Trainee: 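What follows is a structure written as structure tokens; I'll ask about it next.
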Number of protein chains: 4
Amino acid sequence: MPKETFNNLPEEKKNFIIQIAIDEFYEYGFEKSSISRIVEMSGIAKGSFYQYFEGKEDLFRFIMTMASEKKLEYLSDLMSNLNNLDIFRLLRALFLGSLVFQKDNPKLSGLTDGFLKNANSKLKEIIMGDSIKNSNLFLENLLLQDIARNEIRSDLNISFTAHLITGVAVSLSDYMRDRFDDMEKLDEKMYEDLVDESIKLLKEGIEQKPQTCNGCAC
Amino acid sequence: MPKETFNNLPEEKKNFIIQIAIDEFYEYGFEKSSISRIVEMSGIAKGSFYQYFEGKEDLFRFIMTMASEKKLEYLSDLMSNLNNLDIFRLLRALFLGSLVFQKDNPKLSGLTDGFLKNANSKLKEIIMGDSIKNSNLFLENLLLQDIARNEIRSDLNISFTAHLITGVAVSLSDYMRDRFDDMEKLDEKMYEDLVDESIKLLKEGIEQKPQTCNGCAC
Amino acid sequence: MPKETFNNLPEEKKNFIIQIAIDEFYEYGFEKSSISRIVEMSGIAKGSFYQYFEGKEDLFRFIMTMASEKKLEYLSDLMSNLNNLDIFRLLRALFLGSLVFQKDNPKLSGLTDGFLKNANSKLKEIIMGDSIKNSNLFLENLLLQDIARNEIRSDLNISFTAHLITGVAVSLSDYMRDRFDDMEKLDEKMYEDLVDESIKLLKEGIEQKPQTCNGCAC
Amino acid sequence: MPKETFNNLPEEKKNFIIQIAIDEFYEYGFEKSSISRIVEMSGIAKGSFYQYFEGKEDLFRFIMTMASEKKLEYLSDLMSNLNNLDIFRLLRALFLGSLVFQKDNPKLSGLTDGFLKNANSKLKEIIMGDSIKNSNLFLENLLLQDIARNEIRSDLNISFTAHLITGVAVSLSDYMRDRFDDMEKLDEKMYEDLVDESIKLLKEGIEQKPQTCNGCAC
DNA sequence: AATGAATGAGATTTCATTCAT
DNA sequence: CATGAATGAAATCTCATTCAT
């Protein structure tokens, strides 16, 4: 984590450095990104950088943690209003929140998503620690609760289903990122539609169901 | 792509070099993997390497292409027998085939998956070229065909649904990789179950459907 | 030499800083020792350090000078009582005094000895100035005086012999330091024996002398 | 130790690099000496240096080992002719040999001596390993043998006396180095005298012995 | 075709010292 | 007087690539 010296910096300068770092990591990934470039772009001295951070990894860890926290903040605000919703409404809110976050913080969002998906990164475990496990646990608990409520199928493999739901969420983010370089152009309607589509897939699947006896007398 | 000199090598030597390269890329990722290490492990001279390949990127592109082709081979053998199946049976066969491929080529499979998921890589577009688009096009065509056959919902956003299906497939692979370091230990029953679960999710969703009028007279 | 500001500090703080500096120089030597570490351990600000001392070299010179003075103090107390002793008794007292000093100030003593022995150090001359020359002059005068008294051989190369005596003294210190990490454990008997052995070597050499005519009438 | 690549270099180039390195280490000591300076002076590329050596420590270790071996060669040539001499004649030959070596290799000699005397160097043990212990063992065995032959005093503390003898040898070297910047100017007579003086000190001490009954009848 | 030494730009990091507050 | 952020030169080391043999 950054040293005290970094926290003591004027907010403006701090944010500037952070933004430069996000850009660098987003552009080049962790390995290829360069502290030299970061300090040059930031207009700070190399020595100063090392008075702010332990090193490259420290900076990266900080950026990733900050991203997670920022996202969590986004989502937990949402979720505070959403107790006792069924899982589909909850997921809808979470997916929507994620996309809003993504729209507001496109590089940061891309950075964390990309990092999380990079299966080979030795750093993943070190840096993200238990946050992934926790996220999966959260989903698993939701699933269990809704099974108890008889709202979802009881024959589900819980851990696997949680994993698939995460996969769908990530796919949704990817799709947005791929389609729209400039997220500004997106109107809310468009991504609400995609979220609804994702939720519907999770809820009902894509099969054309046989006509259920509607309007009959049974 | 490799130079003529590489193709002229004895098959055995070629395969040895390829295997070393796969190991290296799997272990370290593209950026951190080292040509020096590869030539040392391979027992070939540095100069020789540059007579076989243009450079690191060329080697990587070659490995990735080879992986795609190998996987496609696997799958197209399957698919030649599967005309006119509905999309769920087809996907089931494809998913199953993918897992078998993954079991037989764990590093190669992990390598391609990981690379595909790394959204920020400048190399992705250059190296994978149209193969992703093609894969999506294939799925989209399947979806269109089954909508026509009235087998799946007609209100789907085709391109997005194709994207989500790919996401589910990737999640399935991930889940297997995470759970089972040594894929050898997996018996077919286990991954058949997971495949079926994935297909069921795609088909029916996870919702507990209301009792359809069973045994009634309608 | 330290600036006025350092002298104005409370004695306690001064001694604390000095102790930290001795530890640092003893542990890492001059080149590798770090002002950053010293100020951190001392709990003073970097800027303060540079208000106390000109820089690293100034601090080092100060510590070394202080060490010499402290040692000289030790020894001159001894020597005030030792006028008109022959050189061997005098050296015995000096060697013994040095070892006591070494026992009481192990790091300080190791620091000065080590520094003096480091022949290549550009700093040696600058920092120790004439103190080595003076020490040699003192010995040379002793030798001259005892030659006059007919107590030692008259065929000695004075300056070289003085140098060798210093060498023996240093060897004695080394031997103690090497053998006994924790000087506390040494009882006085042990180092008195070593001192006597050193003095005897200087006095008589190590040769087995032929029996001198004892009890005969010549 | 240097890599194969260094050994494969033309002898001339190898020696040139070695000489540059000796100069650098002699001038600046291990810590302050700079690989950058060495490669610049040598006219080789930085990368080349790291293809020849593992790093700075590797180079230093190599130089020190080489120095020891070279000196040992010098001395063992001498010693092959000196079996069964008493310890004083043997030491005389060794001291004389060391000075000749020192005259022919002033920097190399100064480098090893200085390094050996630097008590604080963490590297000392790592780099010189058992060679110091072995040298002391050699002396101790000589002493034991000559005690058995009744040629030296039997009341000596063997290990301490060996240590003192080494100290005298080192003092001798120092004295030469200090006095004569340009060792070329030394004629053999001068250092033979100093060696003899050192040996005499070890043998007889510096005391003026009482007249032994000469020519009397006892 | 094979070899492997040579290259040098670029990476991260350290640290004594300065200086504005 | 105290503070500690700013500085930037210099350090060690890496590595893909070239090229003469």
Side-chain angles (χ1 to χ4, degrees), chain A residues 3-10 13 28 31-40 43-59, chain B residues 3-6 8-9 31-40 43-59, chain C residues 3-6 8-9 31-40 43-59, chain D residues 3-10 13 28 31-40 43-59:
Chain A
K3 303 180 188 173
E4 200 52 34
T5 46
F6 183 68
N7 287 324
N8 296 342
L9 252 39
K13 189 169 181 181
Y28 296 99
E31 311 292 4
K32 281 282 236 181
S33 64
S34 150
I35 295 297
S36 295
R37 212 155 31 208
I38 289 172
V39 298
E40 196 188 4
I44 61 174
K46 275 238 187 91
S48 297
F49 175 84
Y50 283 90
Q51 265 179 331
Y52 302 152
F53 301 95
E54 306 280 354
K56 195 191 196 179
E57 195 179 309
D58 185 35
L59 171 62
Chain B
K3 303 181 187 172
E4 198 52 35
T5 47
F6 182 68
N8 295 342
L9 289 178
E31 311 292 7
K32 281 280 240 182
S33 65
S34 147
I35 294 297
S36 296
R37 216 157 25 212
I38 289 173
V39 297
E40 195 188 3
I44 62 174
K46 270 255 185 77
S48 299
F49 176 84
Y50 284 90
Q51 265 170 334
Y52 302 153
F53 300 95
E54 306 280 353
K56 196 189 193 181
E57 195 179 308
D58 184 36
L59 171 63
Chain C
K3 303 181 188 172
E4 200 50 36
T5 47
F6 182 67
N8 295 341
L9 288 179
E31 311 293 4
K32 282 280 240 184
S33 65
S34 147
I35 294 298
S36 297
R37 214 156 27 210
I38 288 171
V39 298
E40 195 188 4
I44 63 173
K46 273 255 185 78
S48 298
F49 175 84
Y50 284 90
Q51 265 170 334
Y52 303 153
F53 301 95
E54 306 281 352
K56 195 189 194 181
E57 196 180 307
D58 185 35
L59 171 62
Chain D
K3 303 181 187 171
E4 199 53 34
T5 45
F6 182 67
N7 287 324
N8 296 342
L9 252 39
K13 189 170 182 179
Y28 296 98
E31 311 292 4
K32 282 282 236 181
S33 65
S34 149
I35 294 298
S36 295
R37 212 155 30 211
I38 288 173
V39 297
E40 196 188 4
I44 62 173
K46 269 235 195 96
S48 296
F49 175 83
Y50 284 91
Q51 263 177 332
Y52 301 153
F53 301 96
E54 306 281 351
K56 195 191 196 178
E57 195 179 310
D58 185 36
L59 171 61

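It should be emphasised that the depicted structure is a prediction, and the values quoted were computed from it without experimental measurement. In what follows, chains carry the letters A, B, and so on, assigned in the order in which the sequence lines appear, proteins first and then strands, with residues in each chain numbered from 1.
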Trainee: Quick one: which of dA11(F), dA16(E), dA5(E) gets closest to the side chain of Ser34(D)?
Mentor: dA11(F)
Trainee: Tyr50(B) side chain: which of dT18(E), dT18(F), dG8(E) is closest?
Mentor: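 Output: dT18(F).
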Trainee: Would you say Ser34(C) and Glu40(C) make side-chain contact, with heavy atoms under 4.5 Å?
Mentor: no
Trainee: Quickly work out the Leu59(A) CG to dT12(E) P distance and round it to whole Å.
Mentor: 11 Å
Trainee: Glu40(D) CD to dA10(F) P: how many Å, rounded?
Mentor: 11 Å
Trainee: Taking atom P of dG4(E) as reference, at what distance in whole Å does atom CG of Leu9(D) sit?
Mentor: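 Between P of dG4(E) and CG of Leu9(D): 15 Å.
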Trainee: Please report the closest heavy-atom contact between Ile44(D) and Tyr52(D), naming both atoms and the distance.
Mentor: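 For Ile44(D) and Tyr52(D), the tightest heavy-atom pair comes out as CD1-CE1, 3.9 Å.
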Trainee: Could you check how far CD1 of Ile35(D) sits from P of dG8(E), rounded to whole Å?
Mentor: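 These atoms are roughly 18 Å apart.
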Trainee: Just the rounded figure in Å: distance from P of dT14(F) to CD of Glu31(A).
Mentor: 15 Å
Trainee: Can you confirm whether Lys32(A) is buried at NZ, in the sense that more than 12 heavy atoms of other residues, nucleotides or ligands lie under 6.0 Å from that atom?
Mentor: no
Trainee: Provide, to the nearest angstrom, the distance between the CD atom belonging to Glu57(D) and the P atom belonging to dT12(F).
Mentor: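 My rounded result for the distance is 13 Å.
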Trainee: At 4.0 Å (heavy atoms only), tell me whether Lys13(A) reaches a base, stays on the sugar-phosphate, or touches nothing.
Mentor: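 Sugar-phosphate contact only - Lys13(A) comes under 4.0 Å of backbone atoms but never of a base.
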Trainee: Across the strands shown, which category fits Phe49(C) at heavy-atom distances under 4.0 angstrom: base, sugar-phosphate, nothing?
Mentor: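 No contact.
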Trainee: For dC1(F) and Asn8(C) - does any side-chain N or O of the residue sit under 4.0 Å from the phosphate oxygens OP1/OP2?
Mentor: yes
Trainee: Assuming nearest nucleotide by heavy-atom distance, tell me which of Glu4(D) and Phe6(B) is located more 5' along DNA chain E.
Mentor: Phe6(B)
Trainee: Using a heavy-atom cut-off of 4.0 Å across all strands, would you classify Lys32(A) as base, sugar-phosphate, or nothing?
Mentor: nothing
Trainee: Quick one: label Thr5(C) by what it contacts on the DNA or RNA (base, sugar-phosphate, nothing), any heavy atom closer than 4.0 Å.
Mentor: sugar-phosphate
Trainee: Which listed nucleotide (dT17(E), dT7(F), dC1(F)) is nearest to the side chain of Lys56(C)?
Mentor: dT17(E)
Trainee: Which sits closer to the 5' end of DNA chain E, Gln51(B) or Arg37(C), going by the nucleotide each is nearest to?
Mentor: Gln51(B)
Trainee: Between Ser36(D) and dA10(F), does any side-chain N or O lie under 4.0 Å from OP1 or OP2?
Mentor: no
Trainee: Does Lys46(A) have a side-chain nitrogen or oxygen under 4.0 Å from the phosphate oxygens OP1 or OP2 of dG8(F)?
Mentor: no
Trainee: I'd like to know if the side chain of Lys46(C) reaches the main chain of Ile35(C), judged simply by a donor and an acceptor atom lying under 3.5 Å from each other, with no hydrogens or angles considered.
Mentor: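 Answer holds: no.
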Trainee: With a 4.0 Å cutoff (strictly under), does any side-chain N or O of Tyr52(B) reach OP1 or OP2 of dA1(E)?
Mentor: no
Trainee: Give none if dC19(E) has no partner; otherwise give the nucleotide forming a Watson-Crick or G-U wobble pair with it, both distances under 3.5 Å.
Mentor: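 Check on dC19(E): paired to dG4(F), both distances under 3.5 Å.
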Trainee: If I take atom CZ in residue Phe53(D) and atom C1' in nucleotide dT14(F), what distance separates them, rounded to the nearest angstrom?
Mentor: 18 Å
Trainee: Which one is paired to dA11(E), where only Watson-Crick or G-U wobble pairs with both distances under 3.5 angstrom count?
Mentor: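 Here dA11(E) is engaged in a pair, and the nucleotide opposite it is dT12(F).
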Trainee: Starting from P on dC13(F), measure out to CG on Asp58(D) and report it in whole angstrom.
Mentor: 10 Å
Trainee: Select base, sugar-phosphate, or nothing to describe what Gly47(A) touches, counting heavy atoms under 4.0 Å on all strands.
Mentor: base
Trainee: Are OP1 or OP2 of dA5(E) and a side-chain N or O of Ser48(D) less than 4.0 angstrom apart?
Mentor: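 Checking dA5(E) against Ser48(D), no side-chain N or O comes under 4.0 Å of OP1 or OP2.
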